[in-house]
Amino acid sequence: MKSFFTMAEEVQRKMQMELDKYKQIQKEYQRAVSIRQQLDGQLSENTFVKDELDMLKPGAEVFKLIGPVLLKQSLEEAKQTVLKRMEFIKGELKRQEDLLQDLDKKQDAHRETLNKLQQQFQHMQVKAAMKA
Amino acid sequence: MASQDGPQLQQVDLTKLSLPQLTQLRQQLDQELSVFQESLQTLKIAQQKFQDSGDSLEKITPKAEGNPILVPLTGSMYVPGRIADANSVIVDVGTGYFVQKDIDGAKDYFRRKVNYVTEQMEKIQVLGLEKSKIRDAVMDVVEIKFQAQLQLQEAAAAAAAEKS
């Protein structure tokens, strides 16, 4: 009877541990989602700027805001900078996407173990009730 | 995760869900609806800004060259100035880039922006309408289920009373 009791405790402890891990991953997941949203916004803003720059005639006046001053920049240079930035953001987006997929899998795995542990625990409770 | 649930949602028979599940679904839909509402608000502000910028261009005509203006240095301090070039303006196109455009080009720019934002708003409105329809359906099912449960309880109480 005593070993039975400690076994139940063991399962409960494992469940708590799994739950903590699961919550941790959920937090990470949410963080990744908000980072991805931010990147999405930045990408679309840069796309707008690129479209706008592409529409300009060569030799048009382009300025870049650096601190409080507007600095003149050549159209070509501005286009290059925006393209490079978009490239970078796309890379970051891909990274976050992969991270999210990874976290999704982890989340599923933890959920499954949690379910198993819970079933085990319930099983034990039923057994204990029958013995008593 | 919510977006993954979306397409399947319509295939689920609402009457087969339990009350707690339905409540959860309703909460989720409420949340999504409030996100839509917020987005609409933000877009409305953006739309107004572009509209205002476009409208103020109407006042800059070649005739206005040399007109005195007050230039805001900060929100509360102005210095007198004079319009030196009434043929072009510098437009903020985002991410710190500014482009010099002639008046017609700038007007066109703002018109395009207003159109784009309006389009997005319409899209969100359609989505919001669909969501609120689903929400209403969920609410109806909740009501039906609740009534059924209530009747069941009353019947059980009546049966118990008869026995004693």
Side-chain angles (χ1 to χ4, degrees), chain A residues 25-26 29-30 32-34 36-86 88-89 97 100-101 103-108 111, chain B residues 1-6 28 31-32 34-36 38-39 42-43 45-47 49-50 53-54 71-75 77 79 84-121 123-124:
Chain A
I25 289 173
Q26 257 183 338
Y29 190 89
Q30 264 156 17
V33 167
S34 73
R36 194 189 57 178
Q37 261 172 4
Q38 216 182 331
L39 285 170
D40 254 340
Q42 282 173 355
L43 183 64
S44 63
E45 197 180 347
N46 276 290
T47 314
F48 284 135
V49 177
K50 187 190 163 289
D51 288 348
E52 212 48 56
L53 290 178
D54 282 346
M55 262 186 266
L56 292 174
K57 294 184 210 83
E61 306 258 22
V62 178
F63 302 85
K64 173 138 188 46
L65 186 70
I66 298 170
V69 282
L70 282 175
L71 230 65
K72 204 162 163 177
Q73 214 175 37
S74 80
L75 181 57
E76 221 21 70
E77 202 183 328
K79 277 185 186 172
Q80 288 301 325
T81 317
V82 175
L83 270 182
K84 240 181 266 162
R85 240 194 267 164
M86 279 169 71
F88 174 77
I89 294 170
E97 212 66 63
L100 274 175
Q101 253 172 24
L103 285 172
D104 224 11
K105 270 186 208 143
K106 274 191 194 160
Q107 234 176 4
D108 281 345
R111 208 177 299 146
Chain B
M1 274 211 291
S3 58
Q4 284 164 3
D5 290 338
Q28 199 190 327
Q31 253 172 28
E32 284 171 33
S34 69
V35 170
F36 283 156
E38 264 171 53
S39 308
T42 318
L43 282 170
I45 293 169
Q47 189 192 36
K49 267 190 190 165
F50 287 132
S53 300
V71 184
L73 277 192
T74 67
M77 189 169 77
V79 290
D85 177 7
N87 294 310
S88 64
V89 286
I90 293 170
V91 180
D92 181 359
V93 291
T95 69
Y97 278 103
F98 289 71
V99 172
Q100 190 164 43
K101 284 176 176 294
D102 56 31
I103 300 294
D104 283 334
K107 274 184 193 165
D108 180 57
Y109 171 81
F110 290 122
R111 207 176 305 125
R112 268 188 290 133
K113 284 284 165 188
V114 170
N115 283 346
Y116 176 77
V117 174
T118 313
E119 245 170 61
Q120 300 305 310
M121 282 169 78
K123 274 188 202 161
I124 290 178

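Reminder, nothing fancy here: chain letters follow the sequence lines and each chain counts from 1.
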Check this for me: does any side-chain nitrogen of one of B:Lys101 and A:Glu52 sit under 4.0 Å from a carboxylate oxygen of the other?
yes
So for [X], is it side chain, backbone, both, or neither that comes closer than 4.5 Å to the heavy atoms of chain B?
X: A:Leu53; answer: side chain
X: A:Leu56; answer: side chain
X: A:Gln42; answer: neither

What verdict does the side chain to side chain contact (heavy atoms under 4.5 Å, CB included) test give for A:Phe48 and B:Val93, after you've listed the backbone C-alpha separation in whole Å, the side-chain angles of each residue and the deciding distance to 0.1 Å?
CA-CA 8 Å; A:Phe48 284 135; B:Val93 291; over 6 Å; no
Short question: side chain of A:Glu45, backbone of B:Thr95 - any donor-acceptor pair under 3.5 Å?
yes
